[in-house]
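To start, the structure under review is shown below, and the notes come after it.
A, B, ... follow the sequence lines: proteins, then strands. Residue 1 opens every chain. This is a predicted model, so every value here is computed, not measured. Every heavy atom of this structure was used, including side-chain atoms; hydrogens, water molecules and symmetry mates were not.
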There are 2 protein chains.
Amino acid sequence: MSDYLHQEAPPATSTALHGEQVLQFLQVDTVPRASTARKASCSNCAMRAICMGGNLNDAERNRLDTVIHNWRMIRRGEALYRAGDAFQSIYALRSGSFKTVVAHQNGCEQVSGFFLTGETLGLDGICTERHACDAIALEDSAVCVIPFHLLEALCREMRSLQQHVHRMLSSEIVRESGVMLLLASLNADQRVAAFLLNISARQKARGYSHRELTLRMTREEIGSYLGMKLETVSRTLSRFQRDGLICVKGKRVILQDLDALDRI
Amino acid sequence: MSDYLHQEAPPATSTALHGEQVLQFLQVDTVPRASTARKASCSNCAMRAICMGGNLNDAERNRLDTVIHNWRMIRRGEALYRAGDAFQSIYALRSGSFKTVVAHQNGCEQVSGFFLTGETLGLDGICTERHACDAIALEDSAVCVIPFHLLEALCREMRSLQQHVHRMLSSEIVRESGVMLLLASLNADQRVAAFLLNISARQKARGYSHRELTLRMTREEIGSYLGMKLETVSRTLSRFQRDGLICVKGKRVILQDLDALDRI
DNA sequence: CGGCAGATTGACAACGGTCAATTTACGTGG
DNA sequence: CCACGTAAATTGACCGTTGTCAATCTGCCG
């Protein structure tokens, strides 16, 4: 159940973030200024273990630094990019969270993914040189800007980086297969349970609590992602609460019985 | 509507296959022998315009030939690879068609894609070094075997090939986003219409008729892919026929009113 | 404190699922 | 070439889950 929505292969070093690293990370995060661009550095980034440079050594990470020139702040509700925008860079999420939204001519649109700290955005733009969806910040967020042609050039020189980029692309494919499975074969209860467990697992991989979640997205956005109406999401969460599986307080959800959720 | 299921960016040279190319292609196809391995060559392959070497020049294609050692016949119903198999190669579909199936512990499984001649299989295996799904031949088929580590090595030397591989991976991501949109926001009629139009567009890109389709998969497989039951697929096709949109004769479907299908 | 977006809950309807009965298509062997 | 057996497809009747519409409640921010 929990891996239907599997977002990303869990990092080999899931030894979490503690003490100094978190502080350092938060310092960066607490200088929010919309649209600011600043020098970014992988070498001393708290996310380096689970981000782009996951399987690189120090020397390699220093080379990666040369192509990651800066980072941007995106305020809640603002777009990092929009469908149709020219594709130039991919983005490593340094702090905050995003949703991606695919739209269709007739006006219908759907949330195609949620992205948490350490995950990578923008891969959809590579094939056509234009982004295929909107990426909207769910809270004030910071992203590292990685110009893709520079990354490609470096990939031609560094086997380890090339491998990482290929794995990143492939794991996005596998993640989406999981969502397809969820949408095509699970009922409403199972979808919501899978969603909660998926967020939980991703929080855990980042060293945060996997039992206390803060859902930054609305019920409507969850529903859109899961292919159901917001009322059904709300009803399902309420029922889970009545049954003692979770405790819901608005956007805060505590998972009280992970095993039972997994068995749904 | 038609691009919900968009499988692959339409090839720049959609000038189709004619005369000699098709004959040559069919010759290859008519030497089916299960599990045979033979020398493959991109340079004189009928699929070269829409396959791996799409944007390569002759010299580059010759270099690509050095990593594509052979091709394999897979009989209808047999697996090219199975979930959990060690990942070593990706596969270019030379003739025939495949379905990919993702499974889950509790026994439920879902068709995650259909692959036609010229399309590429196996990208799901890159991220974990193991395949994430089964690939099953829907008819006797032939695939070119492309050892991925050799392809990666060549990508480090050839910018154009590197770009092609990245685009291929990215377009698989975009394709799956389209399926997610379909599964989450369309009703049964719209899903079936989108499915037919998608197959039609892909046939057209390969120089085949886009009005006369031969659906090699069963109603159950279509239903699995579209997240609905086989009875609903069957009923929907029957109704489309009653309304004069299509003509159904078992696995043969003629699209009589493409515009109306698109407007559903 | 007021205004508003977001969330919850209820009543009812409808779309698609389930179960079952036939019919059709296909591959195998006589 | 036809007969048979099995898998696939079609169609109908009925039911349940989820969507729709509406009322109400909660929480946040100016």
Side-chain angles (χ1 to χ4, degrees), chain A residues 75-77 99 108 110-111 136 138-140 182-196 213-243 245-254 264, chain B residues 32 75-78 99 108 110-111 114 136-140 182-196 213-243 245-254 264:
Chain A
R75 289 219 174 274
R76 176 185 164 161
K99 65 172 175 178
C108 87
Q110 196 225 343
V111 173
I136 312 288
L138 294 173
E139 59 192 309
D140 294 354
L182 171 140
L183 290 170
S185 355
L186 302 193
N187 63 28
D189 284 8
Q190 294 171 317
R191 293 184 199 191
V192 173
F195 172 75
L196 293 173
L213 313 180
T214 302
L215 304 176
R216 289 275 155 48
M217 63 297 283
T218 66
R219 301 290 191 260
E220 186 166 20
E221 286 162 343
I222 295 172
S224 172
Y225 182 57
L226 298 178
M228 46 204 269
K229 296 292 147 179
L230 69 98
E231 292 95 330
T232 309
V233 174
S234 182
R235 264 187 260 270
T236 307
L237 289 173
S238 299
R239 190 154 27 76
F240 283 178
Q241 179 161 235
R242 264 201 299 284
D243 297 348
L245 303 181
I246 63 176
C247 176
V248 185
K249 275 216 168 60
K251 297 199 173 303
R252 296 203 152 269
V253 177
I254 297 173
I264 286 178
Chain B
R75 289 219 173 272
R76 175 185 165 162
E78 286 178 357
K99 66 172 176 177
C108 88
Q110 195 225 344
V111 173
F114 296 114
I136 313 288
L138 295 173
E139 58 192 309
D140 293 354
L182 171 141
L183 290 170
S185 359
L186 302 193
N187 64 27
D189 285 9
Q190 294 171 317
R191 292 183 199 191
V192 174
F195 173 74
L196 293 173
L213 313 181
T214 302
L215 304 176
R216 289 274 155 48
M217 63 297 284
T218 67
R219 301 288 190 264
E220 186 167 20
E221 287 162 342
I222 296 173
S224 173
Y225 181 57
L226 297 178
M228 47 205 269
K229 295 292 146 178
L230 67 99
E231 293 95 329
T232 309
V233 175
S234 182
R235 264 185 261 269
T236 306
L237 289 172
S238 300
R239 190 153 27 76
F240 284 179
Q241 179 162 234
R242 265 201 299 286
D243 297 348
L245 302 181
I246 64 177
C247 177
V248 185
K249 275 216 169 58
K251 297 200 174 301
R252 297 203 151 268
V253 177
I254 297 172
I264 286 176

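- Within 4.0 Å (heavy atoms only), B:L237 reaches no atom of the nucleic acid at all.
- Taking only side-chain atoms of B:S234, from C-beta outward, the nucleotide of D:dT11, D:dT18, D:dC21 with the closest atom is D:dT11.
- No side-chain heavy atom of A:L213 sits under 4.5 Å from any side-chain heavy atom of A:R252.
- One can place CG of B:N187 at 12 Å from P of D:dG19, the figure rounded to the nearest angstrom.
- If you check C:dT18, D:dT10, D:dA22 against the side chain of B:K229, the one that comes closest is C:dT18.
- Nearest to the side-chain atoms of B:V248 among the listed nucleotides C:dG16, D:dT10, D:dG19 stands D:dT10.
- At D:dG19, one or more side-chain N or O atoms of A:T232 fall inside 4.0 Å of OP1 or OP2 (strictly under the cut-off).
- The side chain of B:S238 places an N or O atom within less than 4.0 Å of a non-bridging phosphate oxygen (OP1 or OP2) of D:dT11.
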task: Check step by step if salt bridge (charged side-chain N to carboxylate O under 4.0 Å, His left out) holds for B:R76 and B:D140.
output: CA-CA 5 Å; B:R76 175 185 165 162; B:D140 293 354; over 6 Å; no

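- Between A:R216 atom CZ and D:dG27 atom P the separation is 18 Å, expressed in whole Å.
- Regarding B:R219, its CZ atom lies at a distance of 19 Å from the P atom of C:dT23, rounded to whole Å.
- With rounding to whole Å, A:I246 atom CD1 is found 14 Å from C:dA7 atom C1'.
- Atom CD of A:E220 is surrounded by 12 or fewer heavy atoms from other residues, nucleotides or ligands within 6.0 Å.
- A sub-4.0 Å separation between OP1 or OP2 of C:dA7 and a side-chain N or O of A:K249 is absent.
- In the set C:dA20, C:dA7, D:dA9, the nucleotide with an atom closest to the side chain of A:T218 is C:dA7.
- Within the 4.5 Å cutoff, the side chain of B:L196 has heavy atoms near those of the B:L237 side chain.
- The interatomic distance linking A:M228 (CE) with D:dT20 (P) rounds to 13 Å, in whole Å.
- One atom, CZ of A:R252, and another, C1' of C:dG6, lie 17 Å apart when rounded to the nearest Å.
- Each of B:G227 and B:R76 was matched to the nucleotide of DNA chain C holding its nearest heavy atom; the match closer to the 5' end belongs to B:G227.
- Applying the 3.5 Å distance criterion, the base of C:dT18 shares a donor-acceptor pair with the side chain of B:R235.
- When rounded to the nearest whole Å, the span between CD of B:Q241 and C1' of D:dT10 equals 11 Å.
- Among D:dA22, D:dA8, C:dC19, the nucleotide with an atom closest to any side-chain atom of B:K251 is D:dA8.
- Taking atom CG of A:L138 as the reference point, atom P of C:dG6 lies 12 Å away to the nearest angstrom.
- For the residue pair A:M217 and A:L138, the shortest heavy atom distance occurs at CB-CD1, 4.2 Å.
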